[in-house]
Amino acid sequence: MDLDTLRHSCSHIMAHAVKELWPDVKLAIGPAIEDGFYYDFDKSGPFSDDDLLKIEQKMRQIIAKDEQFLREELDKNSAIELFKKLKEDYKVELIQALPQDSVSIYRTGKSFLDLCRGPHIKSTGQIKAFKLLSVAGAYWHGIETNPMLQRIYGTCFNTQKELEAHLKNLDEAKLRDHRKLGPSLEFFDIYHKAAGAGLVFYHPKGALLRTIIEDYEKKEHLKRGYQIVITPHIMDVSLWKTSGHYDYYKDNMFILNALDEPAVNNGEAPGTSQGEFVLKPMNCPGHILIYKSKTRSYKDLPIRFFELGTVYRREKAGVLHGLLRVRGFTQDDAHIFCLPHQLRDEIEKIIEFVFETMEVFGFKEWGVELSTRPEKYIGSLDDWEKATAALEDALKDKGIPYEVNPGDGAFYGPKIDIKLKDALKRTWQCATIQCDFALPKRFDLAYIDAEGKEKQPVMLHRVLLGSLERFIGALIEHYKGELPLWLSPCQVLLIPIKDSVVEYAQGVKNKLEENNIRVDIDTRNDTLDKKIRNAELNKIPYCLILGEREAQQGMVSVRKKGSGNQGALLLDKFIEELINQIREHR
RNA sequence: GCUGGAGUAGCUCAGUUGGCAGAGCACGUCCUUGGUAAGGACGGGGUCACGAGUUCAAUUCUCGUCUCCAGCUCCA
C-alpha cells in the first residue's frame with residue numbers, strides 16, 4: 001500500500017474522530033508528510049494528551065467499522081454551499097481559491113465528509129498500524145498573521161512492526177540528542193539565567209574538540225591557497241548600511257550605542273552613525289574592507305580570505321534550539337574575490353573542498369540544493385542570472401544531482417546548500433556557497449585589468465561546516481557522542497590499579513604526550529571497575545589498565561571502548577598502533 | 001514573536017489536598033589498594049526559576065516575567 005495514501009486516509013479518519021468528539025471543531029487541512037501525517041483544527045480550547053488517547057480510541061472504532069471512502073464530484077458552487085452549511089469556513093476558503101470548476105469530496109460513514117483531491121484507501125479497515133504523536137500550534141496557511149490552529153501529528157504504517165521500528169527510531173534519536181549528550185560529556189552548556197539565552201559555553205573538553213576542528217580547518221585552508229584573516233567584532237553601523245544588512249536585518253542585529261564616541265567619518269556615510277556600532281552578524285564586510293585596503297591587480301586574483309568568524313544574531317526567543325540555533329556562533333567563513341571567468345573553477349574547487357571535508361569528519365551522504373532569487377533582493381536581474389548560471393554550471397560540470405529551491409537565496413545572491421545526512425538519515429544544513437555580484441558593486445570593489453582599467457571582481461561567500469556550533473551538534477548526534485579517535489578530546493585514559501603504580505602511570509602519560517596523544521590519568525580513590533565504568537560512560541576510546549604486572553614489564557593492558565579487554569602490549573607497540581589508527585581515521 | 005506543556009540539590013526524579021524539603025547518582029572526608037561497567041561508612045549541599053498578590057502561614061493557590069520542551073513563523 002502506498003504510504004502517502006495510507007497516511008492521508010489516516011489523517012481523514014483522525015479528522016472524522018475529532019468531529020465526532022468535538023462537533024464544533026472546524027477543519028483546515030490534513031496532508032501526509034514525510035514519516036506521517038497531520039491535520040490542522042480550529043478548536044477553542046487546547047487538545048490535551050488525554051484527548052489524543054480519546055481520539056485514538058475513536059479512530060480505532062471507525063477503523064473497526066471498516067467504512068468505505070466514497071468519492072463524489074461536485075460543481076464548485078454547490079461545494080461552497082455544502083461547506084457553508086457545515087460551517088467549515090476554511091474549506092470554503094480553500095474551494096474559492098481553487099482554479100477548476102468542480103471539486104471532489106470524500107465521505108466516510110454516515111456523518112463525515114471532507115474536501116479532498118484523493119486518492120484514498122478503499123475503506124477504513126485498511127489502516128493496520130497508526131499512532132498519534134503530538135499537538136502543536138500552526139498558523140493557517142503558515143502565515144504569521146493568520147489565526148493559530150491546532151495541529152495533531154501522527155504516523156501510520158502498513159504493519160505494526162514497521163510502526164514500532166519507526167517509534168524505536170524516534171527513541172534512538174532522543175538518545176543521541178546533543179542537548180543531553182553535550183553537557184553530560186562536559187563538552188558545553190548553554191546557560192540561560194546568568195548570561196542570556198542562546199549563548200554557548202564550551203567547557204574544556206568541548207573547547208578542545210573545537211580547537212582540533214579549527215586547527216584542521218586552518219591547515220587545510222592554507223594548503224588550498226586561502227589566507228587567514230581576523231576582523232573586529234564590532235564595526236560602525238554605517239558599514240552595515242553600505243552592505244545592505246542594516247536595511248534587511250536591522251531587527252536581528254545587536255546594535256550598540258556608544259553616544260559618547262564621536263561619529264565615525266569613513267568617507268562613505270559621514271555623520272550617519274553617531275557612535276552606533278553593530279556586533280557583527282556576518283564576516284563579509286570585514287573581509288571586503290581588507291580587500292579594499294590596497295589596489296588589486298587581476299594578477300592577484302583569486303584572493304581567498306578565510307576567517308573563523310564569530311558572529312552574533314538577535315534570533316527570536318522561540319527559534320533557539322540547542323547548538324543548532326544560537327545567538328552567537330562561529331563560522332568557518334571565506335570570501336573569494338575573483339575574475340568573472342574564474343568563477344566556475346572556484347565554485348568547483350569549493351564543492352570538492354566541501355565533500356572532502358565532510359568525508360574526513362565521517363559523513364558519507366548529502367543532498368544538494370540550489371536556491372534562487374528571493375522577493376527581497378539587491379543587485380540587477382542580469383547579475384542574478386549570471387550568478388545562478390555559474391552555480392548551476394558548476395554542479396552540472398561535476399555531475400552532482402541537486403534540487404532547486406525557487407526564491408530561497410540570500411538577498412545579495414543565489415546559493416548552493418549542501419545538507420549532510422547523519423547516521424539516522426537526518427539532514428543537517430552545513431555548507432553553503434553563495435555567488436554575489438551585489439556587494440562588490442555596493443562597496444565599489446575593483447581590480448586593475450591587463451589594460452590598466454578598473455574592473456569589478458565577483459565575490460563568493462562560502463562556509464564548509466557552517467557554524468562550528470551546529471556542526472559539533474551534528475557530530476555528537478551522528479556519532480552518538482562516540483567521536484572518532486582523531487576528534488576525541490581524551491584519546492586514552494590511564495587507570496593505575498593502586499597507588500604504588502601511579503608513578504609508572506605518570507611515566508606512561510609522559511611518553512604518550514611526547515607522541516601527541518591526548519591522555520588523562522585517573523588517580524582517584526575508586527575501584528578499577530568504577531573507573532572503567534566512568535571511562536565507558538565518558539565514551540573514551542581507549543583505557544590502559546596499569547598494575548604491578550605491567551609496570552614490571554613496561555607493558556600496558558589495553559581496553560577498547562565497546563569491545564573490552566584487548567590484552568597486554570608493550571607501551572611502544574601500543575603507541576605505534578594508536579598513531580597508525582589516528583592517521584587512518586582521516 | 002505565536003500556540004500548548006514544563007521548571008524541586010550539579011544530574012535523574014519523588015514529595016508537600018497551604019504548616020521545618022526527600023532519594024539515587026555526583027561531590028567531600030575516612031576506611032578499603034583493587035585485574036576489566038557501580039567496595040563501604042559518614043558528611044556538605046536547596047530563596048522548591050524569578051517578581052508581585054491572596055493568607056496567620058505560599059515551594060504548593062492567583063497574576064506577571066524569564067527559561068526550557070513540542071511545533072508554527074523566521075534563519076543574511
Side-chain angles (χ1 to χ4, degrees), chain A residues 38 40 43 45-49 133-153 177 179-180 183-184 186 189-198 240 243-253 280-285 311 313-322 324-326 329 331 374 376-378 408-413 415 429 432 434 436 439 461 467 470 495-502 524-537 543-550 557-568:
Chain A
Y38 67 79
D40 285 346
K43 175 175 178 287
F47 287 112
S48 67
D49 287 349
L133 297 171
S134 58
V135 193
Y139 300 108
W140 170 235
H141 281 322
I143 294 167
E144 224 174 337
T145 46
N146 278 350
M148 169 120 353
L149 307 169
Q150 295 195 58
R151 176 172 297 178
I152 300 180
Y153 285 93
D177 195 329
R179 292 168 301 179
K180 295 295 273 187
S184 82
E186 296 184 344
D189 64 13
I190 304 179
Y191 283 127
H192 39 267
K193 287 170 203 112
W240 304 99
S243 71
H245 291 103
Y246 185 86
D247 287 340
Y248 284 80
Y249 293 104
K250 179 172 48 188
D251 293 342
N252 292 303
M253 303 197 309
K280 75 170 166 183
M282 294 284 284
N283 299 301
C284 16
V311 296
R313 296 178 185 178
R314 222 175 74 173
E315 304 288 3
K316 290 186 202 168
V319 307
L320 300 174
H321 182 95
L324 306 190
R325 266 309 262 292
V326 287
F329 58 98
Q331 297 175 305
K376 282 170 82 179
Y377 67 96
I378 56 176
D408 233 17
F411 71 89
Y412 49 71
K415 60 177 181 173
Q429 167 64 57
T432 159
Q434 305 175 350
D436 182 2
L439 285 184
H461 309 241
S467 126
R470 176 180 300 183
I495 304 182
I497 289 178
K498 53 183 176 178
D499 293 348
S500 59
V501 288
V502 167
R524 290 179 304 177
N525 183 14
D526 279 320
T527 58
L528 174 61
D529 279 3
K530 186 63 170 292
K531 291 181 185 182
I532 286 174
R533 182 181 144 82
N534 285 337
E536 289 281 341
L537 293 176
C543 288
L544 297 183
I545 317 297
L546 307 172
E548 298 289 357
R549 290 208 293 269
E550 289 79 7
S557 281
V558 181
R559 189 192 157 92
K560 191 173 177 182
K561 158 108 189 69
S563 26
N565 193 349
Q566 308 289 300

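Everything numeric in this text was worked out from a predicted model, so none of it was measured. Every chain is numbered from 1 and lettered A, B, ... according to where its sequence line falls, protein lines coming before strand lines. Only heavy atoms go into these numbers, but all of them, side chains included; no hydrogens, no water, no symmetry mates.
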Query raised in the report: Does A:Asn525 get its side chain close enough to the base of B:U33, under 3.5 Å, for a donor-acceptor pair?
Result: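 A donor-acceptor contact between them is absent.
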Query raised in the report: For the side chain of A:Asp529 and the base of B:U36, is some donor closer than 3.5 Å to an acceptor across the two?
Result: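 Per atom types, no contact qualifies.
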Query raised in the report: What does A:Glu548 touch in the nucleic acid at a heavy-atom separation under 4.0 angstrom: a base, only the sugar-phosphate, or nothing?
Result: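 Since a base atom lies under 4.0 Å of A:Glu548, the category is base.
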Requested in this report: For A:Pro46, answer base if it contacts any base atom (sugar-phosphate contacts may also be present), sugar-phosphate if it contacts only those atoms, and nothing otherwise; contact means non-hydrogen atoms under 4.0 Å.
Outcome: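 Here A:Pro46 touches the backbone only, sparing every base.
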Query raised in the report: Is the ring centre of A:Tyr249 under 5.5 Å from the base ring centre of B:A76, and are the two planes under 30° apart, so that they stack?
Result: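 According to the criterion (under 5.5 Å, under 30°), yes, A:Tyr249 stacks.
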Taking atom [atom1] in both [N] and [M], compute the distance separating them and give it to the nearest angstrom.
{"N": "B:G1", "M": "B:A58", "atom1": "P", "answer": "32 Å"}
{"N": "B:U16", "M": "B:G7", "atom1": "P", "answer": "14 Å"}
{"N": "B:C2", "M": "B:U62", "atom1": "C1'", "answer": "24 Å"}
{"N": "B:A9", "M": "B:G43", "atom1": "C1'", "answer": "15 Å"}
{"N": "B:U8", "M": "B:A23", "atom1": "C1'", "answer": "13 Å"}
{"N": "B:C11", "M": "B:A26", "atom1": "P", "answer": "15 Å"}
{"N": "B:G19", "M": "B:C66", "atom1": "C1'", "answer": "29 Å"}

**Report entry** Residues forming a side chain to side chain contact (heavy atoms under 4.5 Å, CB included) with A:Lys530, sequence neighbours excluded
**Finding:**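 Once residues adjacent in sequence are excluded, the partners of A:Lys530 under the side chain to side chain contact (heavy atoms under 4.5 Å, CB included) criterion are A:Asp526, A:Thr527, A:Asn534.
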Requested in this report: Fill in the dot-bracket string of RNA chain B, one character per base: . for unpaired, | for a pair to another strand, ( ) or [ ] for pairs within the strand, taking Watson-Crick or G-U pairs under 3.5 Å.
Outcome: (((((((..((((.....[..)))).(((((.......))))).....(((((..]....))))))))))))....
Query raised in the report: Is any side-chain N or O of A:Tyr153 closer than 4.0 Å to OP1 or OP2 of B:C72?
Result: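 Yes, because at least one side-chain N or O of A:Tyr153 sits under 4.0 Å from OP1 or OP2 of B:C72.
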**Report entry** salt bridge (Lys or Arg N to Asp or Glu O under 4.0 Å) partners of A:Arg313, counting only residues at least two apart
**Finding:**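 Salt bridge (Lys or Arg N to Asp or Glu O under 4.0 Å) check on A:Arg313 returns nothing, list empty.
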Report task. Provide, to the nearest angstrom, the distance between the NZ atom belonging to A:Lys530 and the P atom belonging to B:U36. Result ->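 For the pair A:Lys530 NZ and B:U36 P, the rounded distance is 17 Å.
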